[in-house]
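The structure under discussion appears below in the form of structure tokens.
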Amino acid sequence: MENLPPQYSPAETEWKIYQKWLASGFFNPDNLPGKRTKKFTMMIAPPNITGSLHIGHALENTISDTLVRYHRMKGDKVLWLPGTDHAGIATQNVVEKDLKKQGLTRHDLGKEKFLEKIWEWREKYGDIILDQLKTLGCSCDWSRTRFTMDPEYQEAVKAAFFHYQEKGLIYQGERVINWCIKDQTALSDLELEYVEEKSKLWYFNYPIKDSDQFVTVATTRPETMLGDMAVAVNPDDSRYQEMVSKIVILPIIKREIPIIADCLVDKEFGTGAVKVTPAHDLADSEMASRNNLPFLKVINEIGRIVNVSAEFDGLKLAEARAKVLAELREQNLLVKEEEFTHNIAKCYRCNSTIEPLLSNQWFVKMKPLAAKALAAIKSGEVKYYPPRWTPVAVDWLENVRDWCISRQIWWGHPVPIAGSNDTFDTWFSSALWPFATLGWPKATADLKEYYPTQMITSARDILHLWISRMIFSGLEFTGEVPFKDIIVHATIQTKDGKRMSKSLGTGIDPLEMIKKYGADGTRFGLLYQSFENQEIRFNEDALLMGKKFGNKLWNIARYIMTNVDIAVLASVAKGELTLADEAGAESAKQILTKLKETILVVSKNIEIFNFGNATHALYDFIWHDFADVYIEESKKQLKDDTSKDSTAKILAHTLVAILKLLHPFMPFITEEIWSQLGADTMLIITPWPEN
RNA sequence: GCGCGCUUAGCUCAGUUGGUUAGAGCGCUUCAUUUACACUGAAGAGGUCGGGAGUUCAAAUCUCUCAGCGCGCACCA
């Protein structure tokens with residue numbers, strides 16, 4: 001093919017090829033040719049509509065697309081369903097930030113107008129995200145694109161809630177929950193991030209009533225003493241045996257509170273005596289319930305002191321802390337302060353400090369649900385890859401607490417019977433993704449045909465937040481596990497091992513990479529680094545390698561198309577001309593043996609989700625065994641009348657096999673070359689090479 | 001505090017059940033230019049496999065231990 005340029009140009013080819021695929025309709029399983037009885041369904045991990053995709057999404061969806069394309073070639077009826085997630089708090093936050101640029105808050109707009117703004121945002125970024133996936137080459141069935149706030153999806157969320165309610169798994173009540181003062185909402189236990197901070201541990205003397213004795217307690221949060229309802233000690237602590245059930249006069253407040261014994265208290269920590277603030281600490285609230293202590297809420301939702309006294313009420317927390325410390329110091333009750341480092345809970349969306357406080361929220365009882373998920377994991381019905389994630393999931397499910405599902409934000413699914421006050425945790429709807437996207441709770445044809453799915457690809461940071469919840473939701477609502485294999489891919493870090501972050505400017509834009517190295521090069525480079533590792537230190541050189549590899553393939557194809565009769569190529573590509581066994585020369589035997597090995601290695605490694613091994617095997621075979629050795633050898637043999645026919649056939653046969661093997665990884669360039677071979681079909685649906 | 005993972009060439013990483021001179025990509029050195037491809041080819045330098053101890057005929061690989069890094073969980077007062 002003299003007319004093919006020596007340099008392959010991804011930019012010119014990729015868009016053109018993608019349009020060809022779209023026109024073929026083959027991304028939609030209903031349009032796939034041939035008898036396809038085995039189903040292969042995969043749901044995309046729906047990206048949040050908060051912004052554009054990052055390089056981690058690129059890796060995740062490259063993995064998914066590779067699997068999907070492999071299974072399509074294997075003859076499966078393949079559905080890869082795309083979509084996006086409304087991402088409650090996260091999206092509300094970015095839109096608020098956007099408004100702030102105009103000096104506006106969401107309250108200035110009011111709920112209705114603000115939600116309109118978010119829908120506008122969603123139109124824009126939802127489309128950008130889907131376009132990015134197309135640029136990457138993802139072969140999703142776009143006709144089935146879903147959004148977690150679609151009208152049908154809203155029905156699914158309602159149905160799920162009512163189902164739980166009927167089963168008695170929903171309750172509403174006053175509990176100590178994690179409250180984000182900035183976002184003005186409750187959060188679940190999973191939506192916190194703990195950050196180590198240097199602080200102080202203050203020791204207070206609490207006077208014991210009718211005596212000159214004290215009990216000394218240690219705290220990192222002096223201001224919470226305003227809500228103290230007891231002092232607790234461990235029942236086995238010999239130091240405090242005589243003190244239990246005596247009465248303490250709470251300083252400043254002058255409230256009489258008991259000394260109680262509770263095994264939750266750690267004898268080793270501080271003085272072994274702990275102040276109990278039932279309304280502002282989860283552990284304390286448990287002790288309070290066990291010991292029938294009253295709950296007094298002294299910190300409100302906007303972080304001000306309430307219900308204490310005229311001089312304290314209305315103070316900010318920092319002011320209250322200073323005032324408490326000053327008064328205690330004055331009364332000589334502040335006996336010690338020491339440097340102390342501890343983990344502070346922060347909101348995973350806005351990073352502000354979490355305030356535990358008593359609040360009326362909706363909960364889902366987790367024990368029976370977790371038990372179902374645990375059984376499925378332990379029996380191997382669902383499997384984690386790499387398997388080391390199994391105990392991580394098991395551990396969480398075994399110790400899980402009830403799930404606080406109500407949020408006080410505007411953007412989200414309304415809790416059906418909660419008036420207009422509460423919306424659902426965004427993960428409540430995400431948990432339904434594998435079946436709600438197929439029409440559940442309606443018994444749709446798609447649900448019947450494509451559920452359960454085969455696998456899911458996920459980052460490890462949402463293993464509990466999303467994956468575990470999908471498992472128990474699937475079992476609860478459909479009676480089946482939502483997927484069989486969970487592929488936990490590596491997290492991409494910066495080159496020096498730091499977290500990639502858009503705000504820190506350490507993120508990598510996949511579109512920029514695609515512009516530089518092509519989608520094929522980017523995909524191959526990402527997978528080339530992808531083993532069973534939990535981190536990948538991003539190495540742009542690997543993407544360059546991917547691009548060069550594409551160009552190598554291009555020139556291999558140019559050489560073969562120039563030197564082998566196009567009719568031979570076409571009939572090999574169509575599968576009409578197979579290789580006879582009498583491949584005489586030693587070099588021929590060698591290359592064909594190597595090819596068989598490579599088919600085996602690549603297939604096996606796709607099956608076990610080791611994409612690093614698969615891409616390395618392809619690279620080594622194509623570049624070193626085929627190009628460096630066999631093709632060089634072929635230059636002589638093609639001039640020799642006795643060997644030229646068989647050499648030409650082997651070249652054609654190997655090229656065809658290579659294109660197929662490489663197609664799931666580098667779909668564009670392989671499809672483009674395939675289109676030159678005169679095979680009258682698209683590579684996307686040609687059969688995977690059999691050994 | 002409990003648990004998981006990582007530490008191999010200058011950089012980013014492979015190394016299957018322990019078995020001949022430990023591999024790749026990038027980088028580096030030398031050579032090759034009317035060659036399918038310079039986004040190339042050929043040759044080469046470069047590693048006491050984080051430290052220490054142990055098991056074994058044999059350890060990058062198994063055990064223990066120490067150190068550093070990353071992550072998960074926790075009722076971190």
Side-chain angles (χ1 to χ4, degrees), chain A residues 1-2 4-8 176 189-190 194 196-197 199 201-202 217-221 224 231-232 262-266 268-277 280-287 340-345 356 386 388-393 395-396 398-401 460-461 463-464 490-491 493 495-499 517-518 521 525 528-563 601 604-605 608 610 612-613 615-617 619-620 623-624 627-628 631-632 634-635 651:
Chain A
M1 260 341 100
E2 314 295 336
L4 292 183
Q7 303 306 319
Y8 171 68
V176 171
D189 299 331
L190 287 177
Y194 288 91
E196 201 169 79
E197 275 185 14
S199 170
L201 190 59
W202 287 275
V217 296
T219 183
T220 53
R221 303 201 55 203
T224 62
V231 170
D262 195 295
C263 52
L264 209 53
V265 180
D266 179 1
E268 308 301 320
F269 190 90
T271 60
V274 59
K275 56 192 275 315
V276 179
T277 318
H280 298 286
D281 184 282
L282 188 65
D284 290 7
S285 76
E286 286 172 18
M287 287 196 273
F340 188 68
T341 305
H342 66 151
N343 290 327
I344 303 219
R388 75 176 110 87
W389 297 107
T390 312
V392 176
D395 188 54
W396 182 75
E398 282 177 343
N399 300 298
V400 68
R401 269 202 289 267
R460 66 160 189 271
D461 56 347
L463 229 42
H464 311 316
T491 305
Q493 298 182 328
K495 197 160 187 168
D496 46 348
K498 296 276 187 312
R499 191 192 191 121
Y517 309 110
Y528 197 80
Q529 303 171 75
S530 187
F531 294 88
E532 291 189 348
N533 36 10
Q534 65 179 38
E535 280 112 30
I536 291 173
R537 294 195 174 190
F538 184 69
N539 187 1
E540 200 173 321
D541 288 344
L543 308 198
L544 177 62
M545 175 281 300
K547 187 187 179 200
K548 287 183 179 177
F549 182 51
N551 202 58
K552 187 72 179 179
L553 178 71
W554 183 251
N555 280 292
I556 288 170
R558 280 179 75 222
Y559 169 79
I560 293 174
M561 285 190 269
T562 312
N563 290 287
V601 169
K604 189 193 94 189
N605 279 294
I608 61 170
N610 193 328
N613 281 348
T615 43
H616 278 256
Y619 185 96
D620 291 344
W623 201 304
H624 300 304
D628 289 347
I631 287 185
E632 288 309 316
S634 79
K635 287 174 185 172
L651 285 171

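Protein chains get the first letters and strands the later ones, always in sequence-line order, with residue 1 at the start of each. All figures in this text were calculated on a predicted structure; none of them were measured in a lab.
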Exercise. What string of B, S and - do you get for nucleotides 29-42 of chain B, 5' to 3', when a contact is any protein heavy atom under 4.0 Å?
Worked result: -------BBSBSSS
Exercise. Are T615(A) and Q529(A) side-chain neighbours, meaning at least one heavy-atom pair lies under 4.5 Å?
Worked result: no
Problem set entry | 4.5 Å side-chain heavy-atom contact, L651(A) and I631(A) | yes
Check the interface with nucleotides 11-17 of chain B: list each N/O to N/O pair with the protein under 3.5 Å, or write none.
residue: C13(B); atom: OP1; partner: R537(A); partner atom: N; Å: 3.1

For this session: Indicate, with a heavy-atom threshold strictly under 4.0 Å, whether V265(A) touches base, sugar-phosphate, or nothing.
Result: base
Exercise. Under 4.0 angstrom, heavy atoms only, what part of the nucleic acid is D395(A) near: base, sugar-phosphate, or nothing?
Worked result: sugar-phosphate
For this session: List in chain and number order the residues that pass side-chain hydrogen bond (donor to acceptor under 3.5 Å, both in side chains) with H624(A), two or more places apart in sequence or in another chain; answer none if no residue qualifies.
Result: D628(A)
Rounded distance (Å) that lies between atom [atom2] of [N] and atom [atom1] of [X]:
X: L282(A); N: A74(B); atom1: CG; atom2: C1'; value: 12 Å
X: F269(A); N: A74(B); atom1: CZ; atom2: C1'; value: 14 Å
X: R401(A); N: A74(B); atom1: CZ; atom2: P; value: 7 Å
X: E196(A); N: A74(B); atom1: CD; atom2: P; value: 17 Å
X: N343(A); N: A74(B); atom1: CG; atom2: P; value: 12 Å
X: Q534(A); N: G70(B); atom1: CD; atom2: P; value: 12 Å
X: W396(A); N: G3(B); atom1: CH2; atom2: C1'; value: 17 Å
X: Y619(A); N: G23(B); atom1: OH; atom2: C1'; value: 14 Å

[N] to [M] separation - [atom1] atoms, rounded to the nearest Å:
N: G23(B); M: U34(B); atom1: P; result: 35 Å
N: C62(B); M: C71(B); atom1: C1'; result: 25 Å
N: C11(B); M: C4(B); atom1: C1'; result: 27 Å
N: C37(B); M: A42(B); atom1: P; result: 15 Å
N: U48(B); M: A22(B); atom1: P; result: 12 Å

Exercise. So does H342(A) get a side-chain nitrogen or oxygen closer than 4.0 Å to the phosphate oxygens (OP1/OP2) of A77(B)?
Worked result: yes
State the [atom1]-[atom2] distance between [X] and [Y], to the nearest 0.5 angstrom.
X: N343(A); Y: Y194(A); atom1: CG; atom2: OH; result: 8.5 Å
X: R401(A); Y: L282(A); atom1: CZ; atom2: CG; result: 4.5 Å
X: T219(A); Y: L201(A); atom1: OG1; atom2: CG; result: 7.5 Å

Seminar exercise, completed: Where RNA chain B forms runs of at least three Watson-Crick or G-U pairs (i with j, i+1 with j-1, under 3.5 Å), the stems are B:1-7 with B:67-73, B:10-13 with B:23-26, B:28-32 with B:40-44, B:50-54 with B:62-66
Exercise. Between D266(A) and V392(A), which has a closest nucleotide on RNA chain B that is more 5'?
Worked result: V392(A)
Exercise. Does Y619(A) have any ring-ring contact (aromatic ring centres under 6.0 Å, His included) partners at least two apart in sequence or in another chain, and if so, which?
Worked result: Y528(A), F549(A), W623(A)
For this session: Go through the structure and list residues passing ring-ring contact (aromatic ring centres under 6.0 Å, His included) with W554(A), not counting sequence neighbours.
Result: Y8(A)
